[in-house]
Trainee: 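One structure follows; several queries about it will come next.
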There are 2 protein chains.
Amino acid sequence: MHPALKQHIGDKLILSPEHELLVDNCFKTRLTKRNEILVEKGSIARHLYFVVKGCLRVFLTDDDGNESTRFLIFEGRMGTAFPSFILKEPSVASIQSPEPSELLVLSYADRDLLLNEIPGFETMYRLGLELDYIASIQRIESLITMDSKARYNILMQTQPEIIKRLPNKIVADYLGISQETLSRLKSKK
Amino acid sequence: MHPALKQHIGDKLILSPEHELLVDNCFKTRLTKRNEILVEKGSIARHLYFVVKGCLRVFLTDDDGNESTRFLIFEGRMGTAFPSFILKEPSVASIQSPEPSELLVLSYADRDLLLNEIPGFETMYRLGLELDYIASIQRIESLITMDSKARYNILMQTQPEIIKRLPNKIVADYLGISQETLSRLKSKK
DNA sequence: CAAAAAGATTGACAATAGTCAATAAATCAT
DNA sequence: ATGATTTATTGACTATTGTCAATCTTTTTG
């Protein structure tokens with residue numbers, strides 16, 4: 001099994017050699033180029049992605065070409081265009097890798113296989129889901145209670161890597177503000 | 001078991017008579033008055049609430065007394081101050097019942113009991129969690145991509161009960177806007 | 001390495017939304 | 001029911017943020 005995935009699982013789940021092999025067989029390695037599109041909006045997101053290296057960006061585009069970043073996934077984390085993946089409906093979001101990336105890809109069917117076959121896998125998955133849900137609740141909180149400056153400061157505190165690694169444009173649309181506003185926040189503060 | 005809870009579970013989980021009794025014993029009925037506070041911010045949310053009648057409001061207050069509604073839970077749905085409940089940390093949010101309500105209350109320990117004892121319970125719980133997570137992702141989307149008018153229109157389409165049943169003030173802070181702005185949106189539109 | 005492309009900054013202006021205050025309407029509790 | 005309290009609406013003004021455009025900087029790629 002890929003060491004990064006092994007580390008991700010850590011002591012949350014003890015796998016027998018057979019089960020470890022099963023997990024290993026379900027996750028397929030994929031390498032992407034900078035800005036490569038993995039899921040096009042309108043198509044169904046059929047995979048979960050574990051990021052070994054690089055990052056993924058789940059983003060929305062409107063008719064005028066404006067983009068908004070719904071979600072960012074860095075090294076050691078899993079994600080996808082979740083509503084599409086779960087509901088098996090065409091995704092309103094696209095997924096791209098802003099950096100050249102190394103991914104481990106898990107299909108929906110293989111996720112179900114692991115959930116059903118490996119005792120404890122569903123509990124681990126569920127606990128991860130709870131944490132992701134909490135993160136999204138906290139993002140909602142920041143959006144409904146704070147102005148753009150406060151949101152930027154929080155992001156700086158909690159996920160400075162986003163600000164360091166990604167272009168201003170993406171940071172801005174992750175925060176739900178224009179890139180000009182972000183630029184002004186950075187100079188003023 | 002309470003018929004509303006039975007309906008909530010529906011065909012998602014077939015319970016043996018013993019397990020049905022176990023579920024029934026874990027959920028305690030609680031009646032609340034209008035605007036009663038169930039969880040005070042700063043305390044730990046130790047329960048999950050199933051709303052039989054009425055509704056619950058999970059909300060934030062700042063130092064100036066401004067309120068923001070993080071989450072609303074209507075009949076037939078479950079919820080709590082989720083980050084506090086899961087992380088067992090003091091809640092930044094409070095919970096109140098804006099209407100007199102009938103609730104079924106499940107403690108953290110009893111939730112774990114059901115998760116561990118009843119085969120299939122965790123799967124049902126996990127599927128519910130996935131849907132709640134999806135709803136929160138969609139709320140983030142509306143907050144980062146739409147202006148207040150568009151958000152109001154979406155809310156009208158997707159959850160008109162919120163607008164019909166709850167005071168303007170709560171609708172406004174659920175949308176992340178001031179109540180004056182909401183009032184103007186309604187008259188203009 | 002150089003040309004081209006993409007991203008970042010800044011200014012001027014417009015639009016959206018917030019605040020404060022006064023009044024009107026609706027709702028609650030006795 | 002009615003007085004009291006809360007909630008909703010409206011106006012005037014302010015503050016924040018967005019848009020468009022120009023310029024400057026950085027990054028990419030042939």
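Just so you know, these numbers come straight off a predicted model, no measurement behind them. The sequence lines fix the lettering, A, B, ..., with proteins before strands; numbering per chain opens at 1. Scope of the values below: all heavy atoms of this structure, side chains included, with no hydrogens, waters or symmetry mates.
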Trainee: May I ask you to say what A:L182 touches in the nucleic acid, namely base, sugar-phosphate or nothing, with a heavy-atom cut-off under 4.0 Å?
Mentor: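 The residue A:L182 makes no contact with any strand.
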
Trainee: Roughly how many Å is it from CZ in B:R184 to P in D:dT9, rounded to a whole number?
Mentor: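 In whole Å, D:dT9 P and B:R184 CZ are 11 Å from each other.
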
Trainee: Tell me whether the NZ or CZ atom of A:R70 lies within the 45° cone about the ring axis of A:F82 and under 6.0 Å from its centre.
Mentor: no

Trainee: Counting only side-chain N and O atoms of B:S183, is one of them less than 4.0 Å from OP1 or OP2 of D:dT9?
Mentor: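 So the side-chain polar atoms of B:S183 do come within 4.0 Å of the phosphate oxygens OP1 or OP2 of D:dT9, strictly under.
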
Trainee: In this structure, how many angstroms lie between the C1' atom of D:dT19 and the CG atom of A:D62, rounded?
Mentor: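 For the pair A:D62 CG and D:dT19 C1', the rounded distance is 14 Å.
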
Trainee: Go through the steps for A:I163 and A:Y152 under the test side-chain contact (heavy atoms from CB on, under 4.5 Å), then give the verdict.
Mentor: CA-CA 9 Å; A:I163 293 170; A:Y152 176 74; 3.6 Å; yes

Trainee: Is the phosphate of C:dG18 approached by B:S178 (side-chain N or O, under 4.0 Å from OP1 or OP2)?
Mentor: yes

Trainee: Can you tell me the distance, in whole Å, between the CG atom of A:L185 and the P atom of D:dA15?
Mentor: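 Distance check: A:L185 CG to D:dA15 P gives 17 Å.
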
Trainee: Can you confirm whether or not the ring centre of B:H2 sits under 6.0 Å from the ring centre of B:F27?
Mentor: no

Trainee: Nearest-Å distance, NZ (A:K186) to P (C:dA8)?
Mentor: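 Spelled out: NZ on A:K186 to P on C:dA8 is 7 Å.
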
Trainee: Within the sub-3.5 Å range, which N or O atoms of nucleotides 25-27 of chain C have a protein N or O partner, and how far apart are they?
Mentor:
none

Trainee: Does the pair A:E130/A:R126 count as a salt bridge with the N-to-O cut at 4.0 Å?
Mentor: yes

Trainee: Can you see which heavy atom on B:L60 is nearest to which on B:V92, and at what distance?
Mentor: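 Closest approach of B:L60 to B:V92: CD2-O, 3.6 Å.
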
Trainee: Quick one: A:E180 CD to C:dA14 P, roughly how many Å, whole number?
Mentor: 17 Å

Trainee: Are the side chains of B:V171 and B:L155 in touch, meaning some heavy atoms are under 4.5 Å apart?
Mentor: yes

Trainee: For A:S43 and A:S91, indicate whether the former's side chain and the latter's backbone hold a donor-acceptor pair under 3.5 Å.
Mentor: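 Absent.
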
Trainee: The helix from C:dC1-D:dG30 to C:dT30-D:dA1: angle between its terminal axes, five pairs each, to 10°?
Mentor: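 Answer for the end axes of this duplex: 70°.
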
Trainee: Evaluate the side-chain contact (heavy atoms from CB on, under 4.5 Å) criterion for residues A:D132 and B:Y133: first the C-alpha distance (whole Å), next the side-chain angles of each, then the deciding distance (0.1 Å), finally the verdict.
Mentor: CA-CA 8 Å; A:D132 287 342; B:Y133 183 32; 3.6 Å; yes

Trainee: Identify the two heavy atoms, one from A:I95 and one from A:A81, that lie closest to each other, and give their separation to 0.1 Å.
Mentor: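 Distance-wise, the nearest heavy atoms are CD1-N, 3.4 Å.
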
Trainee: Does any part of the side chain of B:L115, heavy atoms only, come nearer than 4.5 Å to the side chain of B:E122, both counted from C-beta?
Mentor: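 They are in contact (side-chain heavy atoms under 4.5 Å apart), so the answer is yes.
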
Trainee: OP1 or OP2 of C:dA17 sitting under 4.0 Å from any side-chain N/O of B:S148?
Mentor: yes

Trainee: Does a salt bridge link B:K169 with B:E67, judged by any charged N lying under 4.0 Å from a carboxylate O?
Mentor: no

Trainee: Is it true that B:R77 and B:E161 have a side-chain N and a carboxylate O under 4.0 angstrom from each other?
Mentor: no

Trainee: Measure CD/B:Q179 against P/C:dT19 and give the value in whole Å, please.
Mentor: 11 Å

Trainee: Using atom CE of B:M146 as one end and atom P of C:dT16 as the other, report the distance to the nearest whole Å.
Mentor: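 My rounded result for the distance is 16 Å.
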
Trainee: Without decimals, in angstroms, what is the distance between B:K149 NZ and C:dG18 P?
Mentor: 15 Å

Trainee: Near DNA chain D, counting only heavy atoms under 4.0 Å, which residues of residues 164-171 of chain B show up?
Mentor: B:P167, B:N168, B:K169

